[in-house]
There are 2 protein chains.
Amino acid sequence: MARSASAMRGQILESALRLFAVHGFRGTSLQDIASDAGCSKASLLYHFAGKEKLLTELLIPAQDALAALLDRVAELKGDRLVEETVVGYVDLTLRFRREIRLLFEDITEMSCHQDLNVMELADGLLDALAGRSQHPPARVAAWMVLGAVFITGATDDEVAPDEVLRAEMIRSALRTLDHTPS
Amino acid sequence: MARSASAMRGQILESALRLFAVHGFRGTSLQDIASDAGCSKASLLYHFAGKEKLLTELLIPAQDALAALLDRVAELKGDRLVEETVVGYVDLTLRFRREIRLLFEDITEMSCHQDLNVMELADGLLDALAGRSQHPPARVAAWMVLGAVFITGATDDEVAPDEVLRAEMIRSALRTLDHTPS
DNA sequence: ACCATAACTGTCCGATCGGTCAGTTCTGAC
DNA sequence: GTCAGAACTGACCGATCGGACAGTTATGGT
């Protein structure tokens, strides 16, 4: 058939993202993705140099968004820093739900992935959430928020409508950080 | 050599737990475990009926401990319920760190595992953390605590000594749940 | 109409995995 | 010492995986 290149690429990426999010990176074979996308495994490997490259391409948008957030809050301090970081982080997890689930499934794979520096960015996020503080209580609370938002965003339990979920996640996170609402 | 059965079994379980926690269930082969434990793959399969059974045996203690916790707080209400649940859950994650990491790595595997009912127990835990409330804000906050403690316990970053970590995890969790300290 | 090239595929390959099995080695009771 | 059975092993098997490659089909510019 030979459709336009970008169409098939997009279809493959979509299928890969969904399957990876459900069954994990290792739990999804190239054949699974190809079947779901409606092409042959060989065609998949024509568009993407390998399974790893496919994973990389899927995660880069989320990574860039996180990097942009960290860049945006880099010059803030105190209350503004924490508030902006929390809101930005929550929005990010809701926007990239499936990517988060994928990251969640194969966190160890990512740590030693050369093209992705998720761990580095996570450190920066942790730092901002702690308000640049090095005190153990603040660091622990920041870790808690990191995990809380991460998992709450990754879950697909319809615990609440997205708008309510977002608002409550932000409020809960700020409480965790002992941040009195302004 | 043919050492006593229990000794080799214990060695295999120990090796499996460590390797699973680091590389995940799928990321660890039976040969990896056997080499680490100092025996052959065939010997490993002599002691354990299969890879799944090995996983089950590793997670049962943690599962039982969680079930016991839920049983203990079943008759409590209000503040006592939430406090006991939080403290118990935090202690549990710190006691079973590696098991948590393992669970963390392969959460989807577990959901469809017949011998383990982790998801069912997680629901009970969520319910107790929410103080048996069905209101969305309380449910979201409970989800946040579930994830926060989960990840903070699973991480091996030495963010703080265990005693400080424990105390701060409990305090942070109670703040997340909007629980004014008694 | 023609053709260079992009898009695609069927088929094969080596590696790795979980698991089986017949056979060997060790141990403890007598 | 002997011997039954537990403990252990090397060799092998079928399945599955990621990937390579030669060959085929469709497309767009001329």
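Residue numbering restarts at 1 for every chain, and letters A, B, ... go by the order of the sequence lines.
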| message | Under a plain distance cut-off of 3.5 Å, with no hydrogens placed, do A:Ser35 and A:Gln31 share a side-chain donor-acceptor pair? | response |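 Side-chain D/A pair, A:Gln31 to A:Ser35: present.
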Distance, rounded to the nearest Å, where [X] contributes [atom1] and [N] contributes [atom2]:
X	N	atom1	atom2	value
A:Phe25	D:dG18	CZ	C1'	10 Å
A:Leu54	D:dC17	CG	C1'	15 Å
B:Leu45	D:dA11	CG	P	17 Å
B:Tyr46	C:dC26	OH	P	15 Å
B:Asp32	C:dG18	CG	C1'	13 Å
B:Phe48	C:dT20	CZ	C1'	18 Å
A:Gln31	D:dG19	CD	C1'	13 Å
B:Lys41	C:dG19	NZ	P	9 Å

| said: What's the separation between atom CG in A:Leu17 and atom CD in A:Glu57, rounded to the nearest 0.5 Å? | reply: 12.0 Å
| message | D:dC8, OP1 or OP2 - any side-chain N/O from B:His47 closer than 4.0 Å? | response | yes
| task | Look at B:Ser43 and D:dT9 and indicate whether a side-chain polar atom (N or O) is within less than 4.0 Å of OP1 or OP2. | result | yes
| Backbone of A:Gly24 reached by a side-chain donor or acceptor of A:Thr28 within 3.5 Å |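 Pair found, side chain donor or acceptor close to backbone of A:Gly24.
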| field | Pairwise 5' ranking along DNA chain D for A:Ser29 and A:Ala42, keeping only the more 5' one | value | A:Ser29
| note | Ranking D:dT9, C:dG10, C:dG18 by distance to the side chain of A:Ser40, first place goes to C:dG10
| task | Determine whether A:Tyr89 and A:Leu146 make a side-chain contact, defined as any pair of heavy atoms from C-beta on separated by less than 4.5 Å. | result |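 Sidechains of A:Leu146 and A:Tyr89: in contact.
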| task | Using only heavy-atom distances, decide whether a donor-acceptor pair under 3.5 angstrom links the side-chain of B:Lys51 to the base of C:dG19. | result |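 Under the 3.5 Å cut-off, the side chain and the base do not form any donor-acceptor pair.
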| Reckon B:Leu30 touches a base, only the sugar-phosphate, or nothing at all at heavy-atom distances under 4.0 Å? |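 Contact class for B:Leu30: sugar-phosphate only.
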| task | Taking only Lys NZ, Arg NE, NH1 and NH2, and the carboxylate oxygens of Asp or Glu, determine whether A:Glu14 and A:Arg18 approach each other closer than 4.0 Å. | result | yes
